[in-house]
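Have a look at the structure below before the remarks.
In this text, all values refer to a predicted model and were calculated from it rather than measured experimentally. All values below were derived from every heavy atom in this structure, side-chain atoms included, with hydrogens, water molecules and symmetry-related copies excluded. Residues: numbered from 1 along the sequence shown.
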Amino acid sequence: QVQLVESGGGSVQAGGSLRLSCVASENIFGRYCMGWFRQAPGKEREGVARLHHDGDSTYYKASVKGRFTLSQDNAKNTLYLAMNNLEPDDTSMYYCAAAKWCPYGTLRLEDYTDWGQGTQVTVSA
């Protein structure tokens, strides 16, 4: 079981930027698929971005591609999600999650077993 803690959320105006952090309790890169998910009130949780367990391949939800970017600091066991040109539709609670295995080309909620508590992102028009 991997312990995950998210941070970096906040309130910004449309067009602004935030960088979310996910700190893991152990070395995760190359060992787990690491995903970012989000959930707005009354809506289903959806996948946003993922670093594959190969430690290299990435996946992005179509609506965030080109605006959101994954990065990592191996020494700090930390995964980052840089979010640029934020839109009001990006407003959600954002969660970091880990999976022992995940398929290429998609981001499936059911694959992920270890979850952080979430960090809120609010984007105003």
Side-chain angles (χ1 to χ4, degrees):
Q1 186 177 13
V2 180
Q3 309 298 319
L4 303 170
V5 179
E6 305 99 328
S7 63
S11 298
V12 298
Q13 294 181 320
S17 299
L18 289 170
R19 188 178 72 163
L20 306 184
S21 299
C22 173
V23 180
S25 60
E26 62 185 74
N27 189 337
I28 54 175
F29 304 109
R31 301 174 63 196
Y32 297 89
C33 300
M34 297 298 301
W36 283 99
F37 297 80
R38 65 187 184 187
Q39 186 170 24
K43 298 183 179 180
E44 293 187 352
R45 191 168 298 187
E46 63 178 0
V48 178
R50 180 261 290 141
L51 178 66
H52 204 68
H53 61 253
D54 63 10
D56 186 29
S57 301
T58 56
Y59 168 87
Y60 296 94
K61 177 180 171 64
S63 63
V64 310
K65 199 170 187 178
R67 299 189 297 121
F68 291 11
T69 304
L70 290 165
S71 62
Q72 60 189 283
D73 186 331
N74 292 356
K76 298 181 183 295
N77 295 328
T78 301
L79 177 72
Y80 301 101
L81 183 67
M83 305 186 295
N84 299 313
N85 194 23
L86 283 161
E87 304 170 352
D89 284 349
D90 295 319
T91 295
S92 283
M93 184 73 75
Y94 282 72
Y95 298 90
C96 177
K100 284 292 185 68
W101 180 89
C102 62
Y104 288 96
T106 189
L107 181 50
R108 304 191 308 190
L109 181 66
E110 61 265 33
D111 292 326
Y112 292 79
T113 57
D114 302 331
W115 293 80
Q117 66 180 12
T119 185
Q120 178 68 41
V121 172
T122 302
V123 185
S124 59

Q: Identify the two heavy atoms, one from Arg38 and one from Ser63, that lie closest to each other, and give their separation to 0.1 Å.
A: NH2-OG, 3.8 Å
**Q.** Taking every non-hydrogen atom, the tightest pair across Glu6 and Gln117
**A.** OE1-N, 2.9 Å
Q. Would you call Asp90 and Arg67 a side-chain contact if the rule is heavy atoms closer than 4.5 Å?
A. yes
Q) Quick one: are Thr91 and Gln120 in side-chain contact, heavy atoms under 4.5 Å? A) yes
Q) Which residue pairs pass the ring-ring contact (aromatic ring centres under 6.0 Å, His included) test when at least one of the two sits in residues 60-100, sequence neighbours left out? A) none
Q: Check Ser21 against Thr78 and note the closest heavy-atom contact, atom names and distance.
A: CB-CG2, 4.2 Å
(Q) Between Tyr104 and Asp54, is the side chain to side chain contact (heavy atoms under 4.5 Å, CB included) condition met? List the steps. (A) CA-CA 10 Å; Tyr104 288 96; Asp54 63 10; 3.0 Å; yes
Q. What are the two closest non-hydrogen atoms of Asp111 and Trp101, and how far apart are they?
A. CB-O, 3.8 Å
Q: Treat each ILVMFWY residue as a node, draw an edge where side-chain heavy atoms are under 4.5 Å apart, and state whether Met93 and Val5 are in one component.
A: no
Q. Heavy atoms, side chains only, cut-off 4.5 Å: are Tyr112 and Cys33 in contact?
A. yes
(Q) Walk me through whether Leu70 and Leu79 qualify under side chain to side chain contact (heavy atoms under 4.5 Å, CB included). (A) CA-CA 7 Å; Leu70 290 165; Leu79 177 72; 4.2 Å; yes
Q | Val23 side chain reached by Leu4 side chain, heavy atoms, under 4.5 Å | A | no
Q. Would you say the side chain of Ser124 lies within less than 4.5 Å of the side chain of Gln13, judging by non-hydrogen atoms?
A. yes
Q. Just wondering, do Met34 and Val2 contact through their side chains at under 4.5 Å, heavy atoms?
A. no
Q) Under a 4.5 Å cut-off applied to non-hydrogen side-chain atoms, are Leu81 and Cys22 in contact? A) no
Q.
Suppose the criterion is salt bridge (Lys or Arg N to Asp or Glu O under 4.0 Å): which pairs have a residue in residues 25-37, not counting sequence neighbours?
A. Glu26-Arg31
Q: Would you kindly confirm whether Met83 and Phe37 end up in one hydrophobic cluster when ILVMFWY residues are joined by side chain heavy atoms under 4.5 Å apart?
A: no
Q. From Asp73 CG over to Phe29 CZ, what is the distance, rounded to the nearest 0.5 angstrom?
A. 7.5 Å
Q: Search all heavy atoms of His52 against all heavy atoms of Cys102 and return the closest pair with its distance.
A: CE1-O, 2.7 Å
(Q) How close do Val48 and Leu107 get, counting heavy atoms only, and between which atoms? (A) N-CD2, 3.4 Å
Q: Any chance you could measure Arg19, atom CZ, to Thr69, atom OG1, to the nearest 0.5 Å?
A: 12.0 Å
Q | Min side-chain heavy-atom separation Trp36-Arg50 under 4.5 Å | A | no
